[in-house]
Amino acid sequence: MRETTITLLNMRQLQAALNIRSRSTIYKMVARNALPPPCIINRRGLRWRESDISSWIAGLPSAAAAQSLERASEGAERSQGKPS
């Protein structure tokens with residue numbers, strides 16, 4: 001049987017992995033469901049599964065994909081007669 005290791009990231013490690021300085025930004029992202037929720041270790045201990053964060057990062061659109069989505073939505077708005 002193969003053992004799997006689960007790595008948990010604390011707030012500082014998460015901030016470093018995402019290159020986000022502000023703790024409040026991370027809490028806001030979690031509240032908006034824009035970031036996977038943490039695991040509650042104890043009253044003062046929050047940890048994020050490294051696998052959840054890696055999957056979340058892998059699911060983010062690339063800059064090129066985001067631009068093409070933006071252009072497509074702008075084209076749809078123009079075709080419906082909405083001002084940009």
Task: Closest non-hydrogen atom pair, Ile41 against Arg47 - done: CG1-CG, 3.4 Å
- [ ] State the CZ-CZ distance between Arg23 and Arg12, to the nearest 0.5 angstrom.
- [x] 8.0 Å
Task: For Arg49, salt bridge (Lys or Arg N to Asp or Glu O under 4.0 Å) partners two or more places apart - done: Asp52
TODO: State which residues pass side chain to side chain donor-acceptor pair (under 3.5 Å) with Thr5; sequence neighbours excluded, sorted by chain then number.
DONE: none
TODO: List in chain and number order the residues that pass side-chain contact (heavy atoms from CB on, under 4.5 Å) with Arg43, two or more places apart in sequence or in another chain; answer none if no residue qualifies.
DONE: none
Open item on the list: Using a 6.0 Å cut-off, check whether atom CG of Asn42 has over 12 heavy atoms from anything other than its own residue.
Closed with: yes
Open item on the list: Would the distance check show the side chain of Gln15 and the main-chain N or O of Arg21 forming a donor-acceptor pair, the cut-off being under 3.5 Å?
Closed with: yes
Task: Members besides Leu35 in its Ile/Leu/Val/Met/Phe/Trp/Tyr cluster (side-chain heavy atoms under 4.5 Å) - done: Leu9, Met11, Leu14, Leu18, Ile20, Ile26, Tyr27, Met29, Val30, Ile40, Leu46, Trp48, Ile53, Trp56, Ile57, Leu60
TODO: Tell me, please, which residues at least two apart from Ser22 pass side-chain contact (heavy atoms from CB on, under 4.5 Å).
DONE: Ser24, Thr25
Task: Ser54: partners by side chain to side chain donor-acceptor pair (under 3.5 Å), with sequence neighbours left out - done: none
